2 protein chains.
Amino acid sequence: MSERSNIKDVSALAGVSIKTVSRVLNGHRYVSTDTKERVEKAMQELGFRPSVAARILAGTKSGQIALIYDNHSPYYMNQIQMGCWEACQQNGSRLLAQPVDVADPLVGEQVRGLVTETHVDGIVLSSPVTDCVPVLKALEGMDIPFVRISPGTNHAMTSSVFMDDAQAADDMTSYLIARGHRHIGFVKGHSNHMASEERLFGYRRALDRAGLPFEPALIAPGEFDFDSGVAAAQRFLKGKRRPTAIFASNDDMAAGVLSVAHDMGLGVPDDLSVVGFDDTMVARMVWPQLTTIRQPTRELAHAATQLLLEGAQATHRRLPHDLIERASVARINPDLLS
Amino acid sequence: MSERSNIKDVSALAGVSIKTVSRVLNGHRYVSTDTKERVEKAMQELGFRPSVAARILAGTKSGQIALIYDNHSPYYMNQIQMGCWEACQQNGSRLLAQPVDVADPLVGEQVRGLVTETHVDGIVLSSPVTDCVPVLKALEGMDIPFVRISPGTNHAMTSSVFMDDAQAADDMTSYLIARGHRHIGFVKGHSNHMASEERLFGYRRALDRAGLPFEPALIAPGEFDFDSGVAAAQRFLKGKRRPTAIFASNDDMAAGVLSVAHDMGLGVPDDLSVVGFDDTMVARMVWPQLTTIRQPTRELAHAATQLLLEGAQATHRRLPHDLIERASVARINPDLLS
DNA sequence: CTGTTAGCGCATTCAA
DNA sequence: TTGAATGCGCTAACAG
């Protein structure tokens with residue numbers, strides 16, 4: 001019941017040549033329906049499974065792709081993996097998930113090793129590996145297709161998949177404006193990241209469109225971490241002209257803002273609305289009172305993988321985002337609105 | 001710079017036979033230090049990496065193992081993957097992470113396909129695949145070694161790695177007793193899971209040792225989900241002889257308990273201590289006031305993988321747990337202690 | 001539509 | 001301590 005059967009066994013049982021078996025295996029046309037069925041029955045009976053190793057060695061494609069990542073948040077990575085996985089499933093490909101350390105001086109070599117050892121047909125890069133120069137260089141030097149998910153910098157000649165950060169920030173800002181907010185604090189993200197500027201741009205664009213002034217005092221710097229949110233909130237909330245809402249560029253910073261608000265005895269969202277981007281995917285679990293822009297992480301991963309499997313060259317795909325509204329955020333203390 | 005070089009190129013450059021290169025590749029003894037160095041230098045120069053495919057085809061081991069899982073919580077899975085990954089790194093093996101759907105009637109076939117197609121040398125099973133009969137059967141029928149991480153049922157003849165649930169529950173209960181609690185509600189886990197009985201047993205053992213009576217009224221059934229925690233808390237907290245502490249068998253149920261306590265205006269931990277097991281690894285993020293037993297998930301995965309790679313037969317390894325104490329839990333309202 | 005002949009890159013006999 | 005031959009299971013030309 002457990003002997004490994006090979007293509008020869010199948011061909012013998014079906015009474016055809018091994019090449020014919022190979023043909024039905026690869027879904028080749030020019031196989032009569034009759035023999036095809038016979039071969040398939042034989043494969044079934046023997047529980048035949050083609051050895052990937054042999055296919056790699058003999059053929060040109062391995063049917064395998066790799067996902068390379070470095071610990072982003074577990075929730076985020078889970079979404080990424082699932083998205084890639086689903087796309088692979090649909091395509092009949094295998095996925096090799098490979099964690100790396102982008103700070104390791106040998107990452108480039110490691111990736112090169114992975115590719116030459118496993119013969120993967122392509123690579124999906126997830127943040128922050130998307131912007132790891134040694135990896136990018138290694139890949140480019142090897143002539144292997146790769147796609148980047150939400151890259152932080154724009155390498156024109158590589159394929160990528162991303163969301164429209166400017167539009168998302170615009171949507172969120174408009175959302176707040178529509179609810180009566182006129183003074184909206186904005187906590188900016190790390191300047192290394194392309195998304196930071198985009199999000200700020202969207203915020204400004206929404207203010208503009210609504211005819212509201214852009215007040216530099218309402219912009220705080222940040223680095224996408226909890227402490228940045230704390231610092232920003234302290235600055236905003238201890239001033240006399242307190243914003244009625246704070247828009248943090250990601251969820252970790254939003255959490256920092258929330259904690260300060262809480263310490264100051266401010267009710268959220270009654271005294272202060274706090275909104276953000278759900279970058280690490282934890283926001284909705286931990287702070288249900290938060291209205292967030294959901295990054296379509298899983299969909300991005302899926303699209304990236306599909307792109308890779310389809311072999312499209314230097315394609316950039318922009319995916320839509322979601323604004324996840326919490327009922328609670330709408331309850332704003334009217335006294336605070338100016 | 002990117003041509004794939006093979007063992008022949010190396011042998012030519014080093015001026016030795018193919019076989020000798022193969023020997024140094026596999027760390028074989030009986031190679032003179034001199035030639036070994038020469039070969040290694042040649043490999044370096046050519047950027048040579050052995051093709052796994054060729055090794056699989058020609059040899060008997062693939063140097064690959066698979067981790068099979070079904071969506072547990074992302075945090076949990078992240079720990080599992082990292083643990084397996086680290087062990088593989090140390091061993092120079094590759095890890096194939098394979099999600100499956102245990103409810104799919106074809107899981108068995110899928111796993112069989114994975115094994116025969118990829119030639120993996122062994123399998124690590126993570127909950128709930130540890131108890132998926134079709135998978136277990138497929139594996140046993142294929143004569144491939146596998147190790148189970150925290151299995152729910154005890155298949156005597158398979159290797160497994162787990163924590164001591166009884167001792168952990170005992171520790172937690174003793175911890176509460178030491179802080180003055182005399183009436184401790186216990187929310188039991190799903191009866192399908194071996195850990196449920198173990199944890200209850202540990203709870204009872206601690207009470208016994210402290211000379212406290214076991215009160216059946218203080219035991220509530222549960223199914224490891226939020227709602228079970230809610231139901232149990234309602235029963236406990238609406239009765240007249242309210243427990244001063246509630247010990248939930250996992251964190252989802254602890255969350256349910258917390259939500260009820262909150263709705264009833266009970267301060268945690270001032271009016272009620274709530275403790276639990278950190279099964280899904282989210283507890284510490286979401287409810288910092290919770291004192292929990294941390295499952296050594298990563299360590300379990302590491303140990304399981306090591307076991308597999310070492311080829312130990314039918315070994316069972318028990319790992320120690322941690323009790324993660326929050327300062328807050330110690331502040332108990334003395335009025336509530338009887 | 002189908003079969004024949006070569007290898008893919010390595011480990012594994014055997015021999016030296 | 002080393003080398004020469006053989007074949008793993010499959011696909012890729014080429015035939016027919």
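Chain A is the first sequence line, chain B the second, and so forth, proteins listed ahead of strands; every chain is numbered from 1. Worth saying up front: this structure is predicted, and the values here are computed from it rather than measured.
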K.L.:
In whole angstrom, what separates I56(A)'s CD1 from dA12(D)'s P?
P.N.:
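My rounded result for the distance is 13 Å.
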K.L.:
Are Q81(A) and Q81(B) linked by a side-chain donor-acceptor pair shorter than 3.5 Å?
P.N.:
yes
K.L.:
Roughly, in whole Å, what's the span from CG in N26(A) to C1' in dA13(D)?
P.N.:
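Going from N26(A) (CG) to dA13(D) (C1'), I get 14 Å.
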K.L.:
Regarding D279(B) and Q295(B), do their side chains bring together a donor and an acceptor under 3.5 Å, going by distance alone?
P.N.:
yes
K.L.:
If I take atom CZ from residue F48(B) and atom OG from residue S11(B), how far apart are they, to the nearest 0.5 angstrom?
P.N.:
9.5 Å
K.L.:
Which part of the nucleic acid does V16(B) contact within heavy-atom distance under 4.0 Å: base, sugar-phosphate only, or nothing?
P.N.:
sugar-phosphate
K.L.:
A quick test of your reading: do over 12 heavy atoms of other residues, nucleotides or ligands sit less than 6.0 Å from NZ of K19(B)?
P.N.:
yes
K.L.:
For G15(B) and G59(B), take the nucleotide of DNA chain D holding the closest heavy atom to each; which residue's nucleotide lies nearer the 5' end?
P.N.:
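Upstream on the strand: G15(B).
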K.L.:
Show the nearest heavy-atom pair for residues C88(B) and L309(B), with the distance to one decimal.
P.N.:
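Heavy atoms only, the tightest pair is CA-CD1, 4.3 Å.
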K.L.:
Roughly how far, to the nearest 0.5 Å, is the CD1 atom of I149(B) from the OG1 atom of T130(B)?
P.N.:
9.0 Å
K.L.:
Taking only the side-chain nitrogens and oxygens of R55(A), find out if one of them lies under 4.0 Å from OP1 or OP2 of dC10(D).
P.N.:
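The answer is no; no side-chain N or O of R55(A) sits under 4.0 Å from OP1 or OP2.
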K.L.:
Please tell me which of T60(A) and H119(B) maps to the more 5' nucleotide of DNA chain D, matching each residue to the nucleotide holding its nearest heavy atom.
P.N.:
H119(B)
K.L.:
Reading DNA chain C in the 5' to 3' direction, which nucleotide is the first one with an atom under 4.0 Å from a heavy atom of chain B, and which is the last?
P.N.:
dG9(C) to dT12(C)
K.L.:
Less than 4.0 angstrom between a side-chain N/O of S17(B) and OP1 or OP2 of dG3(D), yes or no?
P.N.:
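Looking at the OP1 and OP2 atoms of dG3(D), one of them is under 4.0 Å from a side-chain N or O of S17(B).
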K.L.:
Compare all side-chain heavy atoms of T297(A) with those of Y76(A) and state whether any distance is below 4.5 angstrom.
P.N.:
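With C-beta onward as the side chain, the pair touches.
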K.L.:
dC8(D), OP1 or OP2 - any side-chain N/O from N6(A) closer than 4.0 Å?
P.N.:
no
K.L.:
NZ of K8(A) versus C1' of dT11(D): gap in Å, rounded?
P.N.:
15 Å
K.L.:
Any donor-acceptor pair under 3.5 Å between the side chain of R23(B) and the base of dG3(D)?
P.N.:
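Answer yes: a donor N or O sits under 3.5 Å from an acceptor.
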K.L.:
Quick test of your reading: applying side chain to side chain donor-acceptor pair (under 3.5 Å), list the pairs with at least one residue in residues 43-52 of chain A, sequence neighbours left out, ordered by first then second residue.
P.N.:
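Every pair satisfying side chain to side chain donor-acceptor pair (under 3.5 Å) with a residue in residues 43-52 of chain A: R49(A)-E109(B), S51(A)-H119(B).
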K.L.:
Determine the minimum heavy-atom distance between L114(B) and T118(B), stating which atoms define it.
P.N.:
O-OG1, 2.6 Å
K.L.:
Enumerate the protein-to-nucleotides 5-7 of chain D contacts in which both atoms are nitrogen or oxygen and the separation is below 3.5 Å.
P.N.:
none

